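These numbers come from a predicted model, not from an experiment. Quick note: numbers below take in every heavy atom, side chains included, and nothing from hydrogens, waters or symmetry partners.
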Amino acid sequence: MASTMSVKLAWVMVLCLIVGAPLAKGAISCGQVISTLTPCIPFVRNNGAVGVPAPCCNGIRSLNAAAQSTPERQSACNCVKALAASISGINYDLTNKLPSMCGVHSPFKISPSTNCKSVK
């Protein structure tokens, strides 16, 4: 199972490199997004049964602090959207509650249909 997750994360990273290539210099990379949000995966896959891990909230706060400009927020949105789509059994309702559970306001909802270009 761990190798399956590694393969999925590798594909997400490749996808993010392709999607993020035209972004301005200084934009948040998908690698950064993935590394900061990986501790949240067990929580959103297990319907919150494991409780919100502290490293998950730390990652969410770190990502929120790093994404200050519109291009950075749009880049982060695309990466989070791709990461979420690669995780089987994700609970999107819980995923969207996670930022507020960590004391952060998210500028976008995580959903397969999220239009990241509309994130400001």
Side-chain angles (χ1 to χ4, degrees):
M1 179 145 122
S3 64
T4 302
M5 183 60 69
S6 296
V7 170
K8 286 182 180 181
L9 288 176
W11 276 110
V12 169
M13 289 176 76
V14 169
L15 174 66
C16 288
L17 288 172
I18 292 168
V19 170
L23 296 174
K25 229 198 276 190
I28 296 169
S29 74
C30 282
Q32 291 170 305
V33 172
I34 290 168
S35 67
T36 60
L37 298 182
T38 297
C40 303
I41 293 172
F43 181 79
V44 298
R45 287 188 76 204
N46 296 315
N47 292 316
V50 296
V52 182
C56 172
C57 282
N58 292 340
I60 289 172
R61 286 191 283 275
S62 171
L63 182 59
N64 186 61
Q68 292 299 305
S69 69
T70 296
E72 289 168 334
R73 286 187 289 274
Q74 290 175 347
S75 176
C77 175
N78 280 313
C79 295
V80 170
K81 182 178 170 180
L83 175 61
S86 74
I87 302 169
S88 63
I90 190 170
N91 179 330
Y92 282 99
D93 289 333
L94 187 59
T95 301
N96 284 302
K97 292 177 185 173
L98 195 51
S100 65
M101 294 171 81
C102 295
V104 173
H105 170 73
S106 177
F108 57 87
K109 294 287 183 195
I110 301 167
S111 162
S113 61
T114 297
N115 178 0
C116 294
K117 289 182 181 182
S118 68
V119 174
K120 300 294 176 203

Determine the minimum heavy-atom distance between [X] and [Y], stating which atoms define it.
{"X": "L37", "Y": "L83", "value": "CB-CD2, 4.2 Å"}
{"X": "I110", "Y": "Y92", "value": "O-CD2, 3.3 Å"}
{"X": "K120", "Y": "R73", "value": "O-NE, 2.6 Å"}
{"X": "N96", "Y": "P99", "value": "O-CD, 3.6 Å"}
{"X": "K117", "Y": "Q74", "value": "O-NE2, 2.9 Å"}
{"X": "L98", "Y": "C40", "value": "CD2-CB, 3.8 Å"}

What verdict does the side-chain contact (heavy atoms from CB on, under 4.5 Å) test give for N78 and S75, after you've listed the backbone C-alpha separation in whole Å, the side-chain angles of each residue and the deciding distance to 0.1 Å? CA-CA 5 Å; N78 280 313; S75 176; 5.8 Å; no

Contacts of type side chain to side chain donor-acceptor pair (under 3.5 Å), residue S113, not counting sequence neighbours: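 If we apply the side chain to side chain donor-acceptor pair (under 3.5 Å) test to S113, skipping adjacent residues, the hits are S111.
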
Just jot down the side chain to side chain donor-acceptor pair (under 3.5 Å) partners of N47, sequence neighbours excluded, or say none.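 N47 satisfies side chain to side chain donor-acceptor pair (under 3.5 Å) with N91 once adjacent residues are dropped.
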
Rounded at 0.5 Å granularity, tell me how far [atom1] in [X] sits from [atom2] in [Y].
{"X": "S29", "Y": "I34", "atom1": "OG", "atom2": "CD1", "value": "8.5 Å"}
{"X": "L94", "Y": "N46", "atom1": "CG", "atom2": "CG", "value": "10.0 Å"}
{"X": "C57", "Y": "M101", "atom1": "SG", "atom2": "CE", "value": "7.5 Å"}

Verdict with supporting geometry, S88 and R45, side-chain contact (heavy atoms from CB on, under 4.5 Å): CA-CA 8 Å; S88 63; R45 287 188 76 204; 3.4 Å; yes

Going by atom type alone, with no hydrogens or angles, which donor-acceptor pairs under 3.5 Å involve a side-chain atom of residues 58-66 and a protein atom two or more places apart or on another chain?
| residue | atom | partner | partner atom | Å |
| --- | --- | --- | --- | --- |
| N58 | OD1 | R61 | NH2 | 3.0 |
| N58 | ND2 | A54 | O | 3.3 |
| R61 | NH1 | C102 | O | 2.9 |

Indicate yes or no for a side-chain donor-acceptor contact from K81 to the backbone of C116 under 3.5 Å, with no hydrogens or angles considered.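 It does not hold such a pair.
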
Keeping the roles fixed (side chain from S106, backbone from F108), state whether a donor-acceptor pair exists under 3.5 Å.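 Yes, because the side chain of S106 sits within donor-acceptor range (under 3.5 Å) of the backbone of F108.
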
